[in-house]
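The block underneath contains the structure these notes are about, expressed in structure tokens.
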Amino acid sequence: QKLSLAIAVQTYKEMLKDENAEQKSHHLFDFPETALRNLLPNDDKRTAAVHTVFETAKESGQVSQLVIQKLQAVLPAADFEQLVPTACVDSKSGDVLADKIPNEWKRNVS
């Protein structure tokens, strides 16, 4: 697991700094969330790492419905609620509402 995590983190970092990529995809941010969920125990270290990935996605304008769904799956409810406006999630079903994601967060999602 340690090697898998190291590979995932290194790949993510290399993709982030790739200056040749004209437009980064929102998948750049959903894959590390999945890797962190599967490879780290549910603790403060994992939560902090996921927060960092999400903040970078926001800054890049690459927060898609999928990125928020992955975030919802990996974070404890209280941490998720601190990061994502309640309007982004249907209160009855828990489904992520793509049209409610702030425009600034999703400005580069294609």
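Throughout, numbering of the chain's residues begins at 1 and tracks the sequence.
Taking a 6.0 Å sphere around NZ of K100, one finds it holds 12 or fewer heavy atoms contributed by other residues, nucleotides or ligands.
For K70 against D30, the heavy-atom pair with the smallest separation is CG-CB, 3.8 Å. The minimum heavy-atom distance between H26 and S64, with the atom names listed, is ND1-OG, 2.8 Å. The two atoms that bring V63 and I101 nearest to each other are O-CG2, 3.9 Å, heavy atoms only. What you find for K58 and R107 is that their closest heavy atoms are O-NH1, 3.5 Å.
Separating the OG atom in S91 from the CG atom in L97 is a distance of 9.0 Å, to the nearest 0.5 Å. To the nearest 0.5 Å, the span separating CD on E33 from OH on Y12 amounts to 9.0 Å.
Between the side chain of K13 and the backbone N or O of A8, no donor-acceptor pair lies under 3.5 Å. Listed for the S93 side chain is a donor-acceptor partner under 3.5 Å among the backbone atoms of D95. Of the possible polar contacts, none joining the Q62 side chain to the L28 backbone as a donor-acceptor pair under 3.5 Å is found. Under a 3.5 Å cut-off, the side chain of Q65 and the backbone N or O of V96 do form a donor-acceptor pair.
Both L5 and F29 are members of a single hydrophobic cluster when ILVMFWY side chains are connected at heavy-atom separations under 4.5 Å. Side-chain heavy atoms closer than 4.5 Å link hydrophobic residues (I, L, V, M, F, W, Y) into clusters, and following such links, possibly through other members, connects F31 to L16.
Membership of the apolar cluster around I7 extends to L3, as traced through chained side-chain contacts below 4.5 Å between ILVMFWY residues.
Evaluation of the ring-ring contact (aromatic ring centres under 6.0 Å, His included) test over residues 58-110, restricted to residues two or more places apart or in two chains, returns F54-W105.
Within the 4.5 Å cutoff, side-chain heavy atoms of L71 are placed close to those of L83. S110 places none of its side-chain heavy atoms less than 4.5 Å from the side chain of S25. Side-chain contact between L75 and Q72 is absent, with no heavy-atom pair separated by less than 4.5 Å.
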Residues 43-53 side chain polar contacts: donor-acceptor under 3.5 Å, at least two apart:
{"from": "D43", "atom 1": "OD1", "to": "K45", "atom 2": "N", "distance (Å)": "3.2"}
{"from": "D43", "atom 1": "OD1", "to": "R46", "atom 2": "N", "distance (Å)": "3.0"}
{"from": "R46", "atom 1": "NH1", "to": "R37", "atom 2": "O", "distance (Å)": "3.1"}
{"from": "R46", "atom 1": "NH1", "to": "L40", "atom 2": "O", "distance (Å)": "3.2"}
{"from": "R46", "atom 1": "NH2", "to": "N42", "atom 2": "OD1", "distance (Å)": "3.3"}
{"from": "R46", "atom 1": "NH2", "to": "V74", "atom 2": "O", "distance (Å)": "3.1"}
{"from": "T47", "atom 1": "OG1", "to": "D43", "atom 2": "O", "distance (Å)": "3.2"}
{"from": "T52", "atom 1": "OG1", "to": "A48", "atom 2": "O", "distance (Å)": "3.1"}

